[in-house]
Number of protein chains: 2
Amino acid sequence: MFTLAEENYLKNIYHLEHEFQGEVSTNAIAERMETKPSSVTDMVQKLAEKEMLSYKKYKGTLLTPSGRKKAANVIRKHRLWEVFLVEKLKFQWDEVHDIAEQLEHIQSDKLITRLDKFLDSPDFDPHGDPIPDKHGNVKSTEKRLLSEMEKNGRGVCVGVKETTKEFLQYLDKRKISIGTKLKVLGKEFFDGSMVIQVGNDQFFISKKIAENLYIQTN
Amino acid sequence: MFTLAEENYLKNIYHLEHEFQGEVSTNAIAERMETKPSSVTDMVQKLAEKEMLSYKKYKGTLLTPSGRKKAANVIRKHRLWEVFLVEKLKFQWDEVHDIAEQLEHIQSDKLITRLDKFLDSPDFDPHGDPIPDKHGNVKSTEKRLLSEMEKNGRGVCVGVKETTKEFLQYLDKRKISIGTKLKVLGKEFFDGSMVIQVGNDQFFISKKIAENLYIQTN
DNA sequence: ACTTTTTTTTAGACTTGACTAAAAATTAAA
DNA sequence: TTTAATTTTTAGTCAAGTCTAAAAAAAAGT
Ligand SMILES: [Mn+2]
Ligand SMILES: [Mn+2]
Ligand SMILES: [Mn+2]
Ligand SMILES: [Mn+2]
């Protein structure tokens with residue numbers, strides 16, 4: 001069995017491993033979890049003893065296969081609950097994360113199996129993130145940041161990188177959500193800003209916005 | 001804010017207060033919560049400082065109005081989640097309690113408001129227990145134990161006292177659930193056993209069974 | 001290569017919520 | 001009303017998970 005704290009460490013290390021494409025440093029974990037490096041060292045050593053991750057002093061950590069599976073399962077639960085909150089309880093997509101942070105720790109395999117069925121086994125959460133299957137496997141789709149697209153490129157929004165309330169509410173205001181088709185009308189070399197078309201509207205967006213929107217171009 | 005441990009104490013003290021119709025002793029809390037009396041003393045003193053209950057050394061405790069409200073809210077959440085699990089996720093009534101024990105601690109007023117609506121604001125949980133409203137008020141219905149009924153009495157099952165898996169599965173086997181009409185065909189003075197009619201079946205039940213079924217007789 | 005800075009770990013302390021063992025208060029029995 | 005049994009509280013310990021401060025290792029700068 002795993003404590004709530006252990007599950008949160010595993011989940012965050014999982015995400016950081018993907019971001020860094022390799023070992024995760026103590027400081028990186030501390031910063032992500034808003035805790036102190038000394039606390040991280042303690043927990044990382046404990047999780048290493050449980051063989052959830054491999055750790056050598058001063059060298060950073062990597063999840064073991066069982067650690068990765070455990071982490072993926074927490075993420076699976078988080079994202080399934082987010083779907084539930086949006087699809088069934090009619091929450092907005094910027095409201096669900098904090099509640100899912102709590103719900104992801106509920107322990108019951110049967111509950112998750114039933115919830116998954118109840119939701120028609122969704123593949124993606126409300127932010128476009130893929131939901132790992134029960135074995136911890138994630139089907140990766142080829143997507144790119146809007147900021148990497150060129151003038152006249154077309155695509156459909158399939159996810160967001162940032163998931164802060166502020167960003168999501170900005171997107172709502174601009175009527176951009178998962179599945180929205182858009183086209184790059186112009187791109188400014190100097191600052192990376194763009195003019196894009198969404199439905200019949202066309203408007204300016206900053207580089208920061210473009211760097212946080214995932215687009216699929218088929 | 002309240003910790004998970006504090007919420008569990010408040011909830012159990014609430015139930016014990018009803019059972020005892022008055023002050024709850026340290027030992028009673030300890031036994032109910034499967035912990036030691038010394039641990040209870042510690043927590044009770046802490047909750048008294050938070051003004052959730054009134055406590056005088058050696059005299060037992062009583063919830064304050066805010067303690068009672070807090071406890072009722074935890075119970076409201078527990079029972080709403082039980083309804084969700086049975087009605088939406090198709091769990092059996094004997095499977096839901098342990099999961100609800102976890103879900104009852106999820107913190108989000110909006111979640112509970114939405115869940116309540118999603119479930120059509122149910123008044124009773126799958127075991128026939130009333131769901132407190134958001135202010136902590138419980139509408140009490142006049143119900144009695146089947147064991148208190150006399151020969152030829154008729155009524156409808158509105159709740160169970162015991163909620164162990166074993167008991168609930170026994171009731172399933174006998175096709176007794178909330179809403180089931182039944183009639184007392186015979187009652188043995190010596191041991192309190194009965195013969196009852198349920199639908200077209202008639203069968204023997206022990207006193208122990210009769211003492212754990214709530215009946216409403218109109 | 002040596003010094004400085006940064007990162008990481010260790011050592012020691014704190015809080016929560018549990019425990020055991022012993023003391024104190026209450027209740028029951030004689 | 002003493003004594004005995006029971007209940008309750010206190011005192012001291014422990015594990016989990018956090019923190020600060022200091023030591024040690026690694027990385028960067030000169
Ligand atoms: Mn989320
Ligand atoms: Mn998400
Ligand atoms: Mn229950
Ligand atoms: Mn119930």
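Source: prediction; values computed, not measured. In the text below, chain A, chain B and the rest are named by the order of the sequence lines, each starting its count at 1.
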Next on the checklist: Assess the residue pair B:Arg76 and B:Glu104 against the criterion (salt bridge (Lys or Arg N to Asp or Glu O under 4.0 Å)); give the C-alpha distance rounded to whole Å, side-chain angles, the decisive distance to 0.1 Å, and a yes or no.
Outcome noted: CA-CA 8 Å; B:Arg76 170 174 167 77; B:Glu104 72 190 6; over 6 Å; no
Item to check | Residues touching DNA chain D, which here means a heavy atom under 4.0 Å, drawn from residues 3-22 of chain B | outcome: none
Checklist entry - Knowing that exactly one of A:Glu101, A:Glu6, A:Glu17 qualifies, which makes a salt bridge (charged side-chain N to carboxylate O under 4.0 Å, His left out) with A:Lys11? => result A:Glu101
Item to check | Whole-Å gap separating P (C:dT7) and NZ (A:Lys36) | outcome: 14 Å
Next on the checklist: Between A:Thr35 and D:dC19, is there a contact of a side-chain N or O with OP1 or OP2 at under 4.0 Å?
Outcome noted: yes
Atom pairs, protein N/O to nucleotides 13-15 of chain D N/O, distance under 3.5 Å:
none

Residues 124-136 of chain B side chain polar contacts: donor-acceptor under 3.5 Å, at least two apart:
from: B:Asp125; atom 1: OD1; to: B:His127; atom 2: N; distance (Å): 2.6
from: B:Asp125; atom 1: OD1; to: B:Gly128; atom 2: N; distance (Å): 3.1
from: B:Asp125; atom 1: OD1; to: B:Asp129; atom 2: N; distance (Å): 3.0
from: B:His127; atom 1: ND1; to: B:Glu82; atom 2: OE1; distance (Å): 3.1
from: B:His127; atom 1: NE2; to: B:Trp93; atom 2: O; distance (Å): 2.8
from: B:Asp133; atom 1: OD1; to: B:His135; atom 2: N; distance (Å): 2.8
from: B:Asp133; atom 1: OD1; to: B:Gly136; atom 2: N; distance (Å): 3.0
from: B:Asp133; atom 1: OD1; to: B:Asn137; atom 2: N; distance (Å): 3.0

Checklist outcome for this item: Rounded to whole Å, CD of A:Glu34 lies from C1' of D:dC19 at a distance of 15 Å
Show me the donor-acceptor pairs, under 3.5 Å and distance only, between side chains in residues 25-33 of chain A and residues at least two apart or in other chains.
from: A:Ser25; atom 1: OG; to: A:Ala28; atom 2: N; distance (Å): 3.1
from: A:Arg32; atom 1: NH1; to: A:Glu19; atom 2: OE2; distance (Å): 3.1
from: A:Arg32; atom 1: NH2; to: A:Glu19; atom 2: OE1; distance (Å): 2.7
from: A:Arg32; atom 1: NH2; to: A:Glu19; atom 2: OE2; distance (Å): 2.9

Checklist entry - Does NZ or CZ of A:Arg114 fall inside the cone over B:Phe91's six-membered ring, less than 6.0 Å from its centre and within 45° of the axis? => result yes
Next on the checklist: Among residues at least two apart in sequence or on other chains, which ones pass side chain to side chain contact (heavy atoms under 4.5 Å, CB included) with B:Thr64?
Outcome noted: B:Ser66
Checklist entry - In whole angstrom, what separates B:Phe2's CZ from C:dT16's P? => result 14 Å
Item to check | Residue list, salt bridge (Lys or Arg N to Asp or Glu O under 4.0 Å) with A:Lys110, at least two apart or on another chain | outcome: B:Glu95
Next on the checklist: Applying ring-ring contact (aromatic ring centres under 6.0 Å, His included), can you list everything that pairs with A:His18, at least two apart in sequence or on another chain?
Outcome noted: A:Tyr14
Checklist outcome for this item: By ring-ring contact (aromatic ring centres under 6.0 Å, His included), B:Tyr9 pairs with (sequence neighbours left out) none
Item to check | Partner set under side chain to side chain contact (heavy atoms under 4.5 Å, CB included) for A:Lys207, not counting sequence neighbours | outcome: A:Glu211
Checklist entry - What class does the angle between the rings of B:Phe84 and B:Phe118 fall in, given that below 30° is parallel, 30 to 60° is tilted and above 60° is perpendicular? => result tilted
Between N or O atoms, less than 3.5 Å apart, protein on one side and nucleotides 9-12 of chain C on the other: list the pairs.
from: C:dT9; atom 1: OP1; to: A:Tyr55; atom 2: OH; distance (Å): 2.4
from: C:dT9; atom 1: OP1; to: A:Tyr58; atom 2: N; distance (Å): 3.0
from: C:dT9; atom 1: OP2; to: A:Thr26; atom 2: OG1; distance (Å): 2.8
from: C:dT9; atom 1: OP2; to: A:Thr41; atom 2: OG1; distance (Å): 2.9
from: C:dT10; atom 1: OP1; to: A:Lys57; atom 2: NZ; distance (Å): 2.5
from: C:dT10; atom 1: OP2; to: A:Gln45; atom 2: NE2; distance (Å): 2.8

Next on the checklist: For DNA chain C, which residues of residues 97-108 of chain B approach it to below 4.0 angstrom with any heavy atom?
Outcome noted: none
Next on the checklist: Does the Lys NZ or Arg CZ of A:Lys50 fall within the cation-pi geometry relative to A:Phe2 - under 6.0 Å from the ring centre and within 45° of the axis?
Outcome noted: yes
N/O donor to acceptor pairs below 3.5 angstrom from side-chain atoms of residues 53-62 of chain B, sequence neighbours left out:
from: B:Ser54; atom 1: OG; to: B:Leu62; atom 2: O; distance (Å): 3.4
from: B:Tyr55; atom 1: OH; to: B:Gln45; atom 2: NE2; distance (Å): 3.4

Checklist entry - Any side-chain N or O of B:Asn27 less than 4.0 Å from the OP1 or OP2 oxygen of D:dT8? => result yes
